[in-house]
Novice: 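I'd like to ask some things about the structure below.
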2 protein chains.
Amino acid sequence: MGSLQGERMSGLVWNVLQAANRLTEVGNRLAAPFGLTAARWQVMGVIMMQEASIADIARALSQSRQGVQRLADDLVRDGMAVYRPNPRHARAKLLVPTPGGTASYQGLMQEQGKWMEDLARDLPVEDIGVARAVLAQLVSTLDAGRSSSTADED
Amino acid sequence: MGSLQGERMSGLVWNVLQAANRLTEVGNRLAAPFGLTAARWQVMGVIMMQEASIADIARALSQSRQGVQRLADDLVRDGMAVYRPNPRHARAKLLVPTPGGTASYQGLMQEQGKWMEDLARDLPVEDIGVARAVLAQLVSTLDAGRSSSTADED
DNA sequence: AGCATATTGACAACATGTTGTCATAATGCA
DNA sequence: TGCATTATGACAACATGTTGTCAATATGCT
């Protein structure tokens, strides 16, 4: 029954999940010295580009507003970011990095750069490209399937 | 600063994390009709091969005993598995699937097979192989780095 | 046999994500 | 203008993972 194609795909899925677990774990270790976590780092990444409301950030990360809300509150509590009034919306405050948050983020990005070069050293350049294309296609297919079955979310 | 190799690697990491999120989400939707979740499905997968203690399962999945313990208790509560005395260890009970759990798992695996074939349809066979190799190498490198820096865990 | 060490399960605290529900603010259309 | 719809934030419940701690059980070595 199980087609050869299907078997290979199952193996790929397993590799993806394993890799994601490891990457998140290392990401957390990398971020800890800067007072950040992998998840908060992601949020900082969004607001470093441009100030954004909670809902904006959630959309940028394909996550729920509620989850991002808690991360944002944590960042504010830790002095990494602050809420600023939004001239275009009374409730949707804008989250912006503090100077300290900016410094942490930039230091962390520098560490991440070194880490990425270490990881890339073991892999053929062209294979990385192929892997990216495969995963991008996979994400695209999965997203397409989602929008067809459920028309609304949140 | 950021090398080209590093940039490509960062992109790959982002693709991996995105793909893992989607896969887990779809996995949960797939498992729900069978009274399972993606996480419990994984645990069932281990004990379908061979009865195992909580610690055995945790090692097989590279997860913490504590996390697996809760999933196992959930499976037992839902009638998917039962604890059986371990002749070789007074405390380390063995987790084994019930007939109902076995039926759910097998039905789910059949659904998964169809899903995998759908996903594989969009992708060149040889590219899947390359992607798997890249991710396997990545996992290997990440695991190697972990064992060198931290000698003990748990 | 006896004791140090490792393994295991239980319990607690926490980080990260989800969904559901509600109230308020913004928007668009008759 | 007024009203239905949408967008947003807040709060709660839950699923899944982590780490830390403790007690009980095995195991191995002298």
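As the structure is a computational prediction, the values presented were derived from the model and not from experiment. Numbers restart at 1 for each chain; the letters A, B, ... are given by sequence-line order, proteins then strands.
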Novice: Quick one: closest heavy-atom pair of A:Leu142 and B:Ala19, and the distance?
Specialist: CD1-O, 4.5 Å
Novice: Counting only side-chain N and O atoms of A:Arg70, is one of them less than 4.0 Å from OP1 or OP2 of D:dA12?
Specialist: no
Novice: Rounding to a whole Å, what distance do you find between B:Gln18:CD and C:dG17:C1'?
Specialist: 16 Å
Novice: OP1 or OP2 of C:dA15 less than 4.0 angstrom from a side-chain nitrogen or oxygen of A:Arg77, does that happen here?
Specialist: no
Novice: B:Leu23 and B:Val134: same hydrophobic cluster, using ILVMFWY side-chain contacts below 4.5 Å?
Specialist: yes
Novice: Among C:dT18, C:dT16, D:dT19, which nucleotide has an atom closest to any side-chain atom of A:Asn28?
Specialist: C:dT16
Novice: Rounded to whole angstrom units, what separation is found between the CG atom of A:Asp74 and the P atom of C:dA13?
Specialist: 18 Å
Novice: Could you work out which one of D:dT8, C:dT16, C:dG9 sits closest to the side chain of B:Ala92?
Specialist: C:dG9
Novice: Under 4.0 Å between a Lys/Arg side-chain N and an Asp/Glu carboxylate O for A:Arg22 and A:Glu25?
Specialist: no
Novice: Starting at CG of B:Leu23 and ending at P of D:dT16, how long is that distance when rounded to a whole Å?
Specialist: 16 Å
Novice: Take atom CG of A:Leu61 and atom C1' of C:dG17, then tell me their distance rounded to the nearest Å.
Specialist: 12 Å
Novice: If every non-hydrogen atom of A:Ile54 is compared with every non-hydrogen atom of A:Ala72, which pair is closest and at what distance?
Specialist: CD1-CB, 3.4 Å
Novice: Please determine if a side-chain N or O atom of A:Gln69 lies less than 4.0 Å away from the OP1 or OP2 oxygen of D:dG9.
Specialist: no
Novice: Write down the distance between CZ (A:Arg59) and C1' (D:dA7), rounded to a whole number of angstrom.
Specialist: 8 Å
Novice: Mind calculating the distance between CD (B:Glu25) and C1' (D:dT16) to the nearest angstrom?
Specialist: 15 Å
Novice: Please determine whether a side-chain nitrogen or oxygen atom of B:Lys93 lies at a distance below 4.0 Å from atom OP1 or OP2 of D:dT25.
Specialist: no
Novice: Show me the donor-acceptor pairs within less than 3.5 Å that the side chains of residues 30-45 of chain A make with the rest of the protein, sequence neighbours left out.
Specialist:
unit_1: A:Thr37; atom_1: OG1; unit_2: A:Arg40; atom_2: N; d: 3.2
unit_1: A:Arg40; atom_1: NH1; unit_2: A:Asp78; atom_2: OD2; d: 3.3
unit_1: A:Arg40; atom_1: NH2; unit_2: A:Asp74; atom_2: OD2; d: 3.3

Novice: Please list residues of residues 30-57 of chain A whose heavy atoms come under 4.0 Å from any atom in DNA chain C, ordered by number; otherwise none.
Specialist: A:Thr37, A:Ala39, A:Arg40
Novice: Can you tell me the distance, in whole Å, between the CG atom of A:Asp73 and the C1' atom of D:dT8?
Specialist: 14 Å
Novice: Check the distance between C:dT8's C1' and B:Leu95's CG and give it to me in whole angstrom.
Specialist: 15 Å
Novice: Would you kindly check whether a donor in the side chain of A:Gln66 faces an acceptor in the base of C:dG20, or vice versa, at under 3.5 angstrom?
Specialist: yes
Novice: Which nucleotide wins on minimum distance to the side chain of B:Arg65, given the candidates D:dG17, C:dG9, D:dT8?
Specialist: C:dG9
Novice: Salt bridge check, A:Arg70 against A:Asp73: does any charged N sit closer than 4.0 Å to a carboxylate O?
Specialist: no
Novice: Any salt bridge between B:Lys114 and B:Glu111, counting N to O under 4.0 Å?
Specialist: yes
